[in-house]
Amino acid sequence: VFFMTFCALSSAKGMDINMKEKLLENKKKVLENLYLTVFAVFCLYFFMWTTTFWVSWPDFFVSDLRTVMIALIVVKASVSEKKSNWKELVFEIGLIAVFLAVKNRNGQEILLDTLLLILGAKEIASEKLIRVYTVTIATALFVTIGASLLGIIENLSYAQPGRMTRMAFGIGYPTDFGAHVLFLLLCYFYLRRKKIQYVELAITVLIGGLIYIFCGARTNALCIWLLAGVLFYTKIRRDDAKKRKKEYEMASWFSGLLASAGTICAAGILILSMLYTKGSSIFLKLDSILSQRLSFSKKGMEVYGFSIFGQYIPMQGNGGSTETPLNYFFLDSSYISILLQYGLIMFVMILILWGIIGLRARKEKDWVLLWILAIIAFQSIMEQHLLDISYNPFLWILFAETGKKRKQKKISGAEKNI
C-alpha cells in the first residue's frame with residue numbers, strides 16, 4: 001500500500017511538472033509569434049520608405065511599435081529558462097550603451113530600432129526570422145513592382161550619358177532595387193542551404209543579368225553572380241563528399257578568411273580612402289571604377305573628421321527623384337558611412353558583431369551562411385545597406401538560435417524527459 005501510494009504521488013508530481021513545462025512552452029510560443037508579427041511590421045514600415053509609395057502613417061506609429069517591442073523583450077526575458085551569464089550580460093549592456101550613446105549624438109532613431117531587433121531575436125530560430133523577413137519583403141516588393149508597371153506609383157527611370165536607361169521599379173533608386181533583390185536571394189538560399197538545386201542557381205544567374213540590363217546595378221548584379229558561383233561550387237563539393245559518404249569541409253584558412261571578410265573589406269576601403277589623392281592617375285582610375293566612392297569618402301573625412309560616438313552628417317543623394325541634386329554628397333560605402341556618422345566605437349562594434357556571426361557559422365560548418373556574410377561584406381564596400389533594417393536581416397541573428405543550438409536544446413530536453 002505504501003509503495004502504491006508513493007508511486008501515485010510521484011506520478012501526480014511528474015504530471016504537475018509536465019503541465020507547468022507545457023504551459024511555459026505555450027507562453028513562449030505566443031510571445032515568439034507576437035514578436036515575429038511586430039518584427040514583420042517593422043520590416044514593412046522601413047521597406048515602404050525605400051519605395052515611391054506615399055503612405056500617411058498614423059501619429060506615433062513607429063514610437064508605439066517600439067514600445068510594444070520593448071514590452072515583448074522584457075516579458076520574453078522574464079519567462080526565459082536560460083539566464084545570461086555575466087559575460088553575456090556585460091556584452092548586452094555594452095551593446096545597449098553604445099547604440100544609445102550614438103543615437104543621442106546624431107539623432108538617428110533607426111539605431112534604436114536596430115538595437116531592439118537584435119535584442120528581441122534572442123532565443124528565436126534564425127530560420128524563422130529570415131523566413132518572416134523574406135515573405136514580408138518579397139510580397140511588398142512584388143506589389144511595388146506591379147504598382148510601378150501599372151502606373152499606380154512612379155517608376156523612376158534614369159537616363160545617363162554612355163549608359164543604358166536605368167529603371168527603379170517603384171523603389172527610390174535603381175541600385176536600391178538591385179540591393180533588395182540581392183538580399184532576398186541571400187535570404188532564400190540561407191533558408192534552402194543543403195536543399196539548393198542547380199536549376200535555382202541557373203535562375204539566379206538570369207536574375208543577375210536582368211538586374212544589370214534593366215537597373216544598371218553593377219555591384220548587385222556582380223554579387224548575385226558571385227552568389228550563384230560560390231553556391232554552385234559548394235554544391236559540387238558537397239555532392240562529391242556525399243558520394244564518398246563524407247561531409248564537405250571547407251579549408252580552415254579559407255573559412256577563417258570568409259569569417260573575417262567584414263574587417264578585411266572595411267580596412268581595404270578605409271585605407272584606400274585615406275590614401276586617395278587627386279594627383280595620382282592610379283587613384284583617379286580606381287575612383288572611377290568605384291563610382292567616386294574614394295573621393296566622396298575622402299571629402300567626408302576632411303570635412304567632418306572622425307569622432308568617438310558619431311555626429312550628424314547631412315547627405316543628399318540621387319534617390320527619389322530623377323533630378324540631379326545641386327549639392328550632391330553621399331557616403332555610399334557602409335563602412336565609411338558608419339565610421340563617420342556613428343563613430344569609431346560603433347564602427348568597431350559592428351565589425352566585431354559581424355565577425356562573431358561569421359565565426360559561429362564557421363564553427364557550425366554552415367558554409368552557405370559564411371558565403372552569404374562574405375558577399376554582404378563585399379557589397380558593403382560600395383553600398384550603404386549593412387546597417388539597414390529594410391535590407392540586411394543577418395545582423396539580427398546575433399542572439400538568435402542557430403541549428404546547432406536547437407539540436408543541443410532538443411537533446412537536453414530529451415534527456416530531461418528521460
Side-chain angles (χ1 to χ4, degrees), residues 158-166 168 171-183 186 208-209 211-227 229-230 257-258 260-306 313 315-319 324-325 327-342 347 350-351 354 373-388 391-392:
Y158 296 80
Q160 296 177 328
R163 294 182 67 178
M164 73 281 285
T165 298
R166 307 166 73 197
I171 302 298
Y173 199 67
T175 54
D176 290 336
F177 176 82
H180 273 307
V181 174
L182 168 64
F183 278 97
L186 292 171
I211 292 298
Y212 180 78
I213 292 167
F214 289 104
C215 304
R218 293 173 294 186
T219 300
N220 293 303
L222 177 62
C223 287
I224 290 170
W225 290 328
L226 182 62
L227 174 66
V230 298
L257 192 70
L258 291 181
S260 309
T263 303
I264 294 167
C265 292
I269 190 65
L270 180 59
I271 292 167
L272 287 173
S273 299
M274 291 176 75
L275 294 175
Y276 172 80
T277 173
K278 289 181 180 178
S280 169
S281 58
I282 295 173
F283 272 111
L284 286 173
K285 181 65 178 173
L286 187 58
D287 190 40
S288 177
I289 292 169
L290 296 176
S291 301
Q292 285 69 55
R293 264 54 171 185
L294 297 182
S295 54
F296 279 110
S297 297
K298 184 65 176 281
K299 183 181 177 181
M301 292 174 190
E302 290 173 347
V303 174
Y304 297 100
F306 302 104
I313 298 179
M315 289 192 280
Q316 179 63 57
N318 284 323
T324 304
N327 300 311
Y328 179 89
F329 175 73
F330 200 85
L331 298 171
D332 289 283
S333 172
S334 290
Y335 304 113
I336 303 300
S337 180
I338 290 169
L339 177 60
L340 297 186
Q341 286 194 97
Y342 302 149
F347 176 71
I350 294 300
L351 293 181
W354 204 247
L373 297 174
I375 288 170
I376 294 172
F378 174 71
Q379 195 253 12
S380 297
I381 293 173
M382 296 291 287
E383 301 200 12
Q384 73 280 10
H385 304 305
L386 181 62
L387 203 61
D388 195 326
Y391 290 89
N392 178 21

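Position 1 is the first residue of the sequence, and the numbers go up from there. What you see is a predicted model, and the numbers here were worked out from it, not measured in a lab.
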Next item on the list: Could you tell me whether Phe378 atom CZ has more than 12 heavy atoms of other residues or ligands within 6.0 Å of it?
Entry: no
Item checked: Straight-line distance of Tyr304 OH to Ile313 CD1, nearest 0.5 Å -> 6.0 Å
Next item on the list: Taking side chain to side chain donor-acceptor pair (under 3.5 Å) as the test, write out the residues that go with Gln379, two or more places apart.
Entry: Asn220, Glu383
Item checked: Separation between OG1 of Thr175 and OH of Tyr158, rounded to the nearest 0.5 Å -> 9.0 Å
Note to self: The test is side-chain contact (heavy atoms from CB on, under 4.5 Å); show your working for Leu373 and Leu258 and say whether it passes.
What the structure shows: CA-CA 8 Å; Leu373 297 174; Leu258 291 181; over 6 Å; no
Notebook entry, point to check: Within the side chain of Asn392, is there an N or O that forms a donor-acceptor pair under 3.5 Å with the backbone of Leu387?
Noted result: no
Notebook entry, point to check: Are Phe329 and Met315 close enough that some pair of their side-chain heavy atoms sits under 4.5 Å apart?
Noted result: yes
Next item on the list: Output the distance between atom CD1 (Ile375) and atom OG (Ser380), rounded to the nearest 0.5 Å.
Entry: 11.5 Å
Check: Looking at CG of Leu331 and CD1 of Ile338, how far apart are the two atoms once the value is rounded to the nearest 0.5 Å?
Finding: 11.0 Å
Next item on the list: Please answer whether the main-chain N or O of Ser333 pairs with a side-chain N or O of Ser337 as donor and acceptor at a distance below 3.5 Å.
Entry: no
Item checked: Atom of Pro174, atom of Ala168 and distance for their closest heavy-atom approach -> N-CB, 3.7 Å
Check: Is the closest side-chain heavy-atom distance between Gln316 and Asn327 below 4.5 Å?
Finding: no
Check: In this structure, are over 12 heavy atoms from other groups packed under 6.0 Å from Phe283 atom CZ?
Finding: yes
Next item on the list: Any chance you could measure Trp225, atom CH2, to Ile211, atom CD1, to the nearest 0.5 Å?
Entry: 10.0 Å
Margin query: Atom CZ of residue position Phe214 - does it have more than 12 heavy atoms of other residues, nucleotides or ligands inside 6.0 Å?
Written below: no
Checklist line | Any donor-acceptor pair under 3.5 Å from Asp332 side chain to Arg293 backbone | finding: no
With a cut-off of 3.5 Å and sequence neighbours excluded, list every side-chain donor-acceptor pair involving residues 262-278.
| residue | atom | partner | partner atom | Å |
| --- | --- | --- | --- | --- |
| Ser273 | OG | Ile269 | O | 2.7 |
| Thr277 | OG1 | Gly279 | N | 3.4 |

Checklist line | For Tyr391, ring pair (Phe, Tyr, Trp, His ring centres under 6.0 Å) partners two or more places apart | finding: His180, His385
Checklist line | More than 12 heavy atoms of other groups within 6.0 Å of Ile289 CD1 | finding: yes
Note to self: Contact between Asp287 and Lys298 at the side-chain level, heavy atoms closer than 4.5 Å - yes or no?
What the structure shows: no
Checklist line | Pair Arg218-Ser291, side-chain contact (heavy atoms from CB on, under 4.5 Å): steps then yes or no | finding: CA-CA 11 Å; Arg218 293 173 294 186; Ser291 301; 3.4 Å; yes
Notebook entry, point to check: About how many Å separate CD1 of Ile336 and CG of Leu294, when rounded to the nearest 0.5 Å?
Noted result: 8.5 Å
Next item on the list: Please report the C-alpha distance between Leu386 and Trp354 in whole Å, then the side-chain angles of each, then the deciding distance to 0.1 Å, and finally whether the side-chain contact (heavy atoms from CB on, under 4.5 Å) criterion is met.
Entry: CA-CA 10 Å; Leu386 181 62; Trp354 204 247; 4.2 Å; yes
Check: Got Ile376 and Leu186 here, is their nearest side-chain heavy-atom distance under 4.5 Å?
Finding: yes
Note to self: What I'd like to find out is whether the side chain of Leu351 reaches to under 4.5 Å of the side chain of Tyr335, using heavy atoms alone.
What the structure shows: yes
